[in-house]
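The shown structure was predicted, so the numbers you read here are calculated from the model rather than taken from an experiment. All heavy atoms count here, side chains included; hydrogens, waters and symmetry mates do not.
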Amino acid sequence: MIAEGLLKAGATVAITSRKADICEAAAAEMASLGQCIALPADLSTPEAAVDLVARYRGAVGQCNILVNNAGKTWGGEIDSFPDKAWPGVMAVNVQTPFTIIRELLPELAAAGSAFDPARVINIGSVAGMRTEKLHAYSYAASKAAVHMMSRDLAGDLADRNITVNAVIPGFFPTKMTAHMRDEDTVDPALLAHIPMKRMGTPEDIAGIVIFLCSRAGAYVTGAQLPVDGGIVGCS
């Protein structure tokens, strides 16, 4: 959703995914919208994140916008929630975004200026801002960490003309919410939980990212922006 929005806005976009065939198929599908480059990677280790940035540097070079959207979750009842549910989730959701930002600092700093800074957007979650009863303890903790890390990085990178913001989605039609819907039919209990009574659309999430990356968002940094139909703000 975000990649399509940025392509339609005129950006050259590199996408990554754990499975090479899915990544390449997505890039091919979006090629009609603009230049889309597939860089598959399993981002479960910092070494893989460093390698991805090296391959990006070779394929594209310049970096004006970084969207950290790779995510992993684990659900289970607290009585049996395993220790192995923590390291992988924290690695993908927290350490990988930090490593990619660190490795891309030369490109981001070179691309930014006082009135048109480079943009870093970390994708958080409403589960990191309020209790959502998802039984996804490591996931919720990781997203809360992403929100705080984004604020820390925003303060540290402001003098390099790099903004850092956290976009905080609610419930969108993705693989992580597949168990809550059947094609176009959404669990009524979920809809009752959302003040606006609907899931998010591609335009909803792409729009907030495009805003942050446009001139209109150039003076926004350290923000946590919920895009959730009112779950956070109306409760």
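Judged purely by atom type and a 3.5 angstrom limit, Thr73 has no side-chain atom pairing as donor or acceptor with the backbone of Tyr139. At least one donor-acceptor pair closer than 3.5 Å links the side chain of Arg119 to the backbone N or O of Ser214. Of the possible polar contacts, one joining the Asn93 side chain to the Lys72 backbone as a donor-acceptor pair under 3.5 Å is found. Of the possible polar contacts, one joining the Thr96 side chain to the Leu43 backbone as a donor-acceptor pair under 3.5 Å is found. The backbone N or O of Val164 lies less than 3.5 Å from a partner atom in the side chain of Thr221, making a donor-acceptor pair. The main-chain N or O of Ala85 is found under 3.5 Å from a side-chain atom of Ser138 such that the two form a donor-acceptor pair. Lys143 places a side-chain N or O within donor-acceptor distance of the main-chain N or O of Ile123, the cut-off being under 3.5 Å.
The distance from the CD1 atom of Ile37 to the OG1 atom of Thr12 is 6.5 Å, given to the nearest 0.5 Å. Taking CD1 from Ile162 and CG from Leu104, the interatomic distance works out to 9.5 Å, rounded to the nearest 0.5 Å. Atom CG of residue Asn64 and atom CD of residue Glu107 lie 10.5 Å apart, to the nearest 0.5 angstrom. Once rounded to the nearest 0.5 Å, the distance linking CG of Asp116 with CG of Asn161 reads 9.5 Å. Put simply, OG on Ser125 and CG on Leu134 are 7.5 Å apart, with the number rounded to the nearest 0.5 Å. To the nearest 0.5 angstrom, Met30 atom CE is 6.0 Å from Glu4 atom CD.
The closest side-chain heavy-atom distance from Ile100 to Leu66 is below 4.5 Å. The shortest distance between side-chain heavy atoms of Cys36 and Ile15 falls below 4.5 Å. Side-chain contact between Leu39 and Leu52 is present, with at least one heavy-atom pair separated by less than 4.5 Å. Looking only at side-chain heavy atoms (C-beta outward), Arg151 and Gln224 come within less than 4.5 Å of each other.
Applying the side-chain contact (heavy atoms from CB on, under 4.5 Å) rule to Ser44 yields the partners Asp42, Val92; only residues at least two apart in sequence or on another chain are considered. Taking Asn165 as the reference, nothing meets the side-chain hydrogen bond (donor to acceptor under 3.5 Å, both in side chains) condition, with sequence neighbours excluded. The side-chain contact (heavy atoms from CB on, under 4.5 Å) check on Glu47 picks up Thr45, with sequence neighbours excluded. In this view, Glu132 and Arg130, His193 satisfy the side-chain hydrogen bond (donor to acceptor under 3.5 Å, both in side chains) rule, not counting sequence neighbours. For Pro46, the side-chain contact (heavy atoms from CB on, under 4.5 Å) partners two or more places apart in sequence, or in a different chain, are Gln95, Thr99. Taking Tyr137 as the reference, Phe81 meet the ring pair (Phe, Tyr, Trp, His ring centres under 6.0 Å) condition, with sequence neighbours excluded.
Between Asp204 and Arg198 there is a salt bridge, since at least one side-chain N of the basic residue sits less than 4.0 Å from a carboxylate O of the acidic one.
Among all heavy-atom pairs drawn from Asp228 and Ile194, the shortest one is O-CG2, 3.8 Å. For the residue pair Pro40 and Cys23, the shortest heavy atom distance occurs at N-SG, 3.9 Å.
Counting non-hydrogen atoms of other residues, nucleotides and ligands closer than 6.0 Å to CE of Met148 gives a total above 12. For Asp83, the CG atom sits in a loose shell: 12 or fewer heavy atoms of surrounding residues, nucleotides or ligands are nearer than 6.0 Å. A 6.0 Å sphere centred on CZ of Arg57 holds more than 12 heavy atoms belonging to other residues, nucleotides or ligands. Around CZ of Arg55, the count of heavy atoms belonging to other residues, nucleotides or ligands within 6.0 Å exceeds 12. Annotation: Arg102, atom CZ; neighbour count of heavy atoms from other residues, nucleotides and ligands within 6.0 Å is above 12.
Of the residues Ile208, Val67, Val13, Ile210, the one that meets the side chain to side chain contact (heavy atoms under 4.5 Å, CB included) test with Ile2 is Val67.
Residues Phe211 and Val209 are members of one and the same hydrophobic cluster, defined by side-chain heavy-atom contacts under 4.5 angstrom among Ile, Leu, Val, Met, Phe, Trp and Tyr. Ile78 and Trp86 fall within the same hydrophobic cluster, defined by Ile, Leu, Val, Met, Phe, Trp and Tyr side-chain heavy atoms under 4.5 Å apart, directly or through other members.
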